Amino acid sequence: QAQLVESGGGLVQAGGSLRLSCVASGRTFSSYAMGWFRQAPGKDREFVAGISRSGGITSYADSVKGRFTISKDNAKDTVYLQMTSLKPEDTAVYYCATGSTGVVRTSESWYHQWGQGTQVTVSS
């Protein structure tokens, strides 16, 4: 059974860094684009970053450009989200997701497999 498992969340002070990991199992990881989304309390889930199946194309939300970096290791079936210069408004549950094909998209509806999420809390 295909599944995604996120890790790496935690509590960090503003200006700090965290690296999230998402390990995939049960399907051909290298065939699909991957995405990171987040959901803050009382808000809708939003796109954060996406990466194509080969890792050659990435996409970021404007709010995280220049601070977050998504990467993909097909040999390890893992996608990462390196987060730097964290802000209190980055506080949310972060989810990784598998795209429908190898192409990056920002729409939540295009992603069909989701992890359980990992909490990121940034204190001011």
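In this text, all values refer to a predicted model and were calculated from it rather than measured experimentally. What's counted below: heavy atoms across the whole structure, side chains too, no hydrogens, waters or symmetry copies.
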Original post:
What closest approach, in Å, do P88 and A14 show between heavy atoms, and which atom pair accounts for it?
Top reply: CD-CB, 4.1 Å
Original post:
Hey, what do you get for CG (L4) to CD (Q113), rounding to the nearest 0.5 Å?
Top reply: 4.0 Å
Subject >> Donor-acceptor under 3.5 Å (Q3 side chain, S25 main chain) >> reply: no
**OP:** Please answer: with hydrophobic residues joined when any side-chain heavy atoms are less than 4.5 Å apart, are V93 and V122 in the same cluster?
**Re:** no
**OP:** Count the heavy atoms of every other residue, nucleotide or ligand shown that sit under 6.0 Å from CD1 of I57, and state whether that count exceeds 12.
**Re:** no
**OP:** Run the numbers on F29 and T78 for side-chain contact (heavy atoms from CB on, under 4.5 Å), then give the verdict.
**Re:** CA-CA 8 Å; F29 179 78; T78 302; 5.5 Å; no
Original post:
Same hydrophobic cluster for F68 and M34, using side-chain heavy-atom links shorter than 4.5 Å among ILVMFWY?
Top reply: yes
Subject >> Atom of Y32, atom of G99 and distance for their closest heavy-atom approach >> reply: CD2-O, 3.3 Å
Original post:
Can you find a pair of side-chain heavy atoms, one from L81 and one from T69, that are under 4.5 Å apart?
Top reply: no
Original post:
Side chains of R45 and E108: does their closest heavy-atom pair fall under 4.5 Å?
Top reply: yes
Subject >> Backbone N/O of G56 and side chain of S54: donor-acceptor pair under 3.5 Å >> reply: yes
Subject >> Connected via hydrophobic side-chain network under 4.5 Å: W36 and V120 >> reply: yes
Subject >> Euclidean distance, R53 CZ relative to S31 OG, rounded to 0.5 Å >> reply: 6.5 Å
Subject >> Any K65 side-chain heavy atom under 4.5 Å of Y60 side chain >> reply: yes
Original post:
Are any non-hydrogen side-chain atoms of Y80 and D73 less than 4.5 angstrom apart?
Top reply: yes
**OP:** Report yes if some heavy atom in the side chain of V12 is under 4.5 Å from a heavy atom in the side chain of T121; otherwise report no.
**Re:** no
**OP:** Please answer: with hydrophobic residues joined when any side-chain heavy atoms are less than 4.5 Å apart, are V79 and M83 in the same cluster?
**Re:** yes
Original post:
Can you tell me how far the CD atom of E46 sits from the OG atom of S63, to the nearest 0.5 Å?
Top reply: 5.5 Å
**OP:** Would you list the pairs meeting disulfide (SG to SG under 2.5 Å) in which at least one residue belongs to residues 45-82, sequence neighbours left out?
**Re:** none
Original post:
Which distance, rounded to the nearest 0.5 Å, do you find between the CG of D90 and the CZ of R67?
Top reply: 4.0 Å
**OP:** Decide yes or no on side-chain contact (heavy atoms from CB on, under 4.5 Å) for L86 and Q13, but give the supporting numbers first.
**Re:** CA-CA 8 Å; L86 283 161; Q13 288 188 331; over 6 Å; no
Subject >> Donor-acceptor under 3.5 Å (K72 side chain, I51 main chain) >> reply: no
**OP:** Determine yes or no for a side-chain-to-main-chain donor-acceptor pair under 3.5 angstrom, with T106 supplying the side chain and F47 the backbone.
**Re:** no
Ignoring hydrogens and angles, write down the donor-acceptor pairs under 3.5 Å from the side chains of residues 15-24, residues two or more places apart or on other chains.
none

Original post:
Counting only N and O atoms by type, is there a donor-acceptor contact under 3.5 Å from the side chain of Y94 to the main-chain atoms of E6?
Top reply: no
Subject >> From CA spacing to verdict: side-chain hydrogen bond (donor to acceptor under 3.5 Å, both in side chains), T28, S30 >> reply: CA-CA 6 Å; T28 308; S30 61; over 6 Å; no
Original post:
According to the interplanar angle, ranging from 0 to 90°, do the rings of Y111 and F37 count as parallel (below 30°), tilted (30 to 60°) or perpendicular (above 60°)?
Top reply: perpendicular
Original post:
Taking side chain as C-beta onward, heavy atoms only, is R38 less than 4.5 Å from Y95?
Top reply: no
